[in-house]
Amino acid sequence: MLKLSIENLLIAAWKQLELPAVAMEVHPSERPEFGDFSTNLALVGARVAGLPPRELAERLAKKLPKDAFSQLEIAGPGFINLFLHPSTIQAALQEILQMGDRFGCSKRLVPTSMQIEFVSSNPTGPLTVGHGRQAVLGDVLASLYEALGYTVSREYYFNDEGHQIDLLSRSLWARYRQLLGDSTAVPEEGYHGSYLIEIARNLKDQYGDDFQSFDEETALTFREEAVSRITTIIKDDLDQLGIEFDAWFSEGSLHRNGEVNAALESLRRKDGIYEKDGAVWLKAEENGGVKDSVLIRKDGRPTYLMVDIAYHINKQRRKFERVIDVQGADHQVEQSCVKAAMRILDYPEEFLGYAVHQFVSIKEGGQIARMSTRAGRFILLHELVNELGRDVVRYFMVARKPESHLEFNMDLARAESLDNPVYYIQYAHTRIASIFRKARALAIDPAKVDLSPLQAKAELGLIKRLDRFPEVVEEAALGFAPHLLTDYALGLARAFHAYYTEHRVIGENESLMTARLSLLSAVQTVFHRSLSILGMSAPEAM
RNA sequence: GCGCCCGUAGCUCAGUGGACAGAGCAACGGCCUUCUAAGCCGUCGGCCGGAGGUUCGAAUCCUCCCGGGCGUACCA
């Protein structure tokens, strides 16, 4: 990577001045007259050097190897603008060509074994567009870390027992009785969505009028039917988005295996709990949490938080070195409490990270729709995907930074469906594929081509853009910010389309043509990698 | 009240300490005998919510205020 090697040159020069280290930045120049890269090293280092920035820049410049840059300028308040030799940039392309599909791996991270938990919606209804954001966000984060070389397990945590599931069972039974002509009402707090009617119809067809009262046996039968049918629906919803989990983890198993009690004992041994008002509380506040919270209710039942802590202990026992939970912004208190528990248990601070995202609202006919699974008011994820397609939905779900509220404008999504960034990016890939179809007979080996004919500004610019890809992947992963990748892909598409219009490939003299084919091969690789991480298709033709 | 997030072009949003603030869409004007026009080129459009402060330098950091969202459960 060009940036890395420039940083190293600057650090080496800085060391020769025998000054304490400072945090500097090297970034691609925003304007051509500022060269290829710029650094603020002389600006941030002026204080420790006790020199005016421009004078420090002069001294630094003398310490840099003479042949490293074609030109070096000190500009403005003390920026050092660096101009690269075309051969340096061409060498970066050579490196990309040699990496091929492995391009994007991190050079400075030490990849480990990681788990990403997301969606984790209880099996009480189909996924809504709100879950969709989390589903895509989690899946793309996982792919980003995989691209960096991590081993990632995608996990879905679900609860198939307890109060909400009882309500679900009772709601289903009410729908069943309604089909048989009764006026049994769905509980006020129950689940009102129409999907339960479908499931009830099946039960009616299978059992007729066998379940007349909601006794224990009925409750169990209806619960199992509801959970298994809805779990299938959820898996189908995810499948439609191209998301597959490595593990489905049952909350109930934590109770059955005694892990909840064991977790409580671990906290007790670390002096992390106390009793008050007949309940057991977590000492969250003194461990960085928002506020102390109940772990064991006065009736002896553990709270969701208690079980959640047990779950995280379980994750740690499974030897994941790093765990990321993708969650909505409404779990802030819960998150801080779990983190507090991790501190009490002396887990490393970086063990658990929360990727928090804000909510999705749907704007349709000028109206903003708020969603509630229980009330049966929501737009279903699969409706959205049916209408717009997997690629479009996935793109829009991660194209915003997670901490921004996502307004999904249905009217706009439909109207723009033929003119949106998704096709713009895919079309770039298609155009390259088309050139390669025409050039197939030439059968070049991109890794052995002489790249020196690549001298045009647009070509060197494209290479510099490609060269940034690993850095973008790394930033997007570490910052839980997949939108950096959609932004990058869009920018690369723009640069490519402009290049495509201005320059030709087929028909140029052989050395130029093969050099350009090599460049396009690298561009195609990066589009392919980007789209693959985003879980979008890279069409050969459109 | 308190905590977290958001407020940037007509709309949806990037940019979170650096040199004249960016993109997509919308609007307007050009470009198809040559590798796919789902494209390209150009124009229009902004006191970066407001007021103070820190800094050589602030959309970015700090304080206060205004507006919107989400929390603030012995719910999950």
Side-chain angles (χ1 to χ4, degrees), chain A residues 25 27 29-31 33-34 38-40 43-44 46-47 52-53 75-79 81 120-122 124 159 162-165 189 251 276-281 290-291 293-308 328-336 356-359 361 363 370 374 396 399-409 412-413 415-416 418-428 430-439 481 483-484 486-487 490-491 493-494 496-508 513 516-517 520 539 541-542:
Chain A
E25 262 178 31
H27 57 262
S29 301
E30 281 166 27
R31 292 193 280 162
E33 60 266 38
F34 293 162
S38 305
T39 179
N40 62 355
L43 285 162
V44 297
R47 196 182 298 261
F79 290 103
N81 293 332
S120 296
S121 159
N122 284 340
T124 55
N159 186 9
H163 182 60
Q164 293 306 321
I165 300 295
E189 294 294 303
E251 180 184 327
K276 192 181 86 178
D277 304 331
V280 179
W281 296 67
V290 171
K291 54 187 243 185
S293 299
V294 171
L295 293 173
I296 305 293
R297 300 178 179 92
K298 62 182 160 201
D299 65 9
R301 290 158 46 234
T303 58
Y304 181 85
L305 172 62
M306 181 67 248
V307 186
D308 203 8
D330 53 340
H331 290 82
Q332 178 199 339
V333 174
E334 171 81 10
Q335 289 155 10
S336 81
V356 177
H357 63 90
Q358 294 288 329
F359 294 108
S361 59
K363 198 171 178 184
R370 248 171 262 288
R374 290 187 211 172
F396 279 128
R400 306 238 166 301
K401 63 178 174 200
E403 58 268 43
S404 284
H405 190 92
L406 173 62
E407 188 175 283
F408 212 111
N409 189 326
L412 212 65
E416 287 179 358
L418 279 180
D419 195 16
N420 71 43
V422 175
Y423 301 121
Y424 185 81
I425 296 167
Q426 291 178 326
Y427 186 49
T430 297
R431 279 179 143 179
I432 298 173
S434 177
I435 290 176
F436 277 108
R437 272 196 297 277
K438 292 227 157 53
H483 71 286
L484 296 178
T486 56
D487 269 12
L490 195 59
R494 192 182 318 123
F496 165 76
H497 284 307
Y499 175 71
Y500 178 94
T501 306
E502 192 187 351
H503 300 279
R504 293 192 57 77
V505 178
I506 292 169
E508 295 289 349
M513 180 175 67
R516 285 185 172 168
L517 282 171
L520 291 195
M542 287 171 76

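Convention: sequence-line order gives letters A, B, ...; per-chain numbering from 1. All of these numbers come straight from a predicted model, not from anything done at the bench. Computation of the quantities below employed the complete heavy-atom set of this structure, encompassing side-chain atoms and omitting hydrogens, waters and symmetry-equivalent molecules.
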With [X], which residues qualify under side-chain contact (heavy atoms from CB on, under 4.5 Å), at least two apart?
| X | value |
| --- | --- |
| Val356(A) | Ala329(A), Gln335(A), Tyr354(A) |
| Pro539(A) | Gln426(A), Thr430(A), Ser537(A), Met542(A) |
| Val280(A) | Leu264(A), Ile273(A), Glu275(A), Ile296(A) |
| Phe34(A) | Ser29(A), Arg31(A), Ser38(A), Asn81(A) |

Between the protein and nucleotides 31-34 of chain B, which nitrogen or oxygen pairs come in under 3.5 angstrom?
residue	atom	partner	partner atom	Å
U34(B)	O2'	Arg504(A)	NH2	3.2

Ignoring the backbone of Gln164(A), work out which of A76(B), A19(B), G24(B) is nearest its side chain.
A76(B)
Write down the protein N/O and nucleotide N/O pairs, taken from nucleotides 39-46 of chain B, whose separation is under 3.5 Å; answer none if there are no such pairs.
residue	atom	partner	partner atom	Å
G39(B)	O2'	Arg431(A)	NH1	2.8
G39(B)	O2'	Arg431(A)	NH2	3.4
C40(B)	OP1	Tyr424(A)	OH	2.3
C40(B)	O4'	Thr501(A)	OG1	3.2

Which residues share a side-chain hydrogen bond (donor to acceptor under 3.5 Å, both in side chains) with [X], sequence neighbours left out:
| X | value |
| --- | --- |
| Ser293(A) | none |
| His483(A) | none |
| His163(A) | none |

Do Arg516(A) and Tyr499(A) meet the criterion of a side-chain donor-acceptor pair at a distance under 3.5 Å?
yes
A correct dot-bracket answer for RNA chain B, with pairs being Watson-Crick or G-U at under 3.5 Å, [ ] for crossing pairs and | for inter-strand pairs, is ((((((((.[[[[.)..(...]]]].(((((.......))))).....[[[[[..)....]]]]])))))))....
If you look at every strand shown and take non-hydrogen atoms under 4.0 Å, does Ala329(A) touch a base, only sugar-phosphate, or nothing?
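Sugar-phosphate contact only - Ala329(A) comes under 4.0 Å of backbone atoms but never of a base.
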Could I get the full list of salt bridge (Lys or Arg N to Asp or Glu O under 4.0 Å) partners for Glu30(A), not counting sequence neighbours?
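For Glu30(A) there are no salt bridge (Lys or Arg N to Asp or Glu O under 4.0 Å) partners, ignoring immediate neighbours.
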Contact list for residues 294-305 of chain A, test salt bridge (Lys or Arg N to Asp or Glu O under 4.0 Å), sequence neighbours left out
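Checked against salt bridge (Lys or Arg N to Asp or Glu O under 4.0 Å) - neighbours excluded - the pairs reaching residues 294-305 of chain A are Asp299(A)-Arg301(A).
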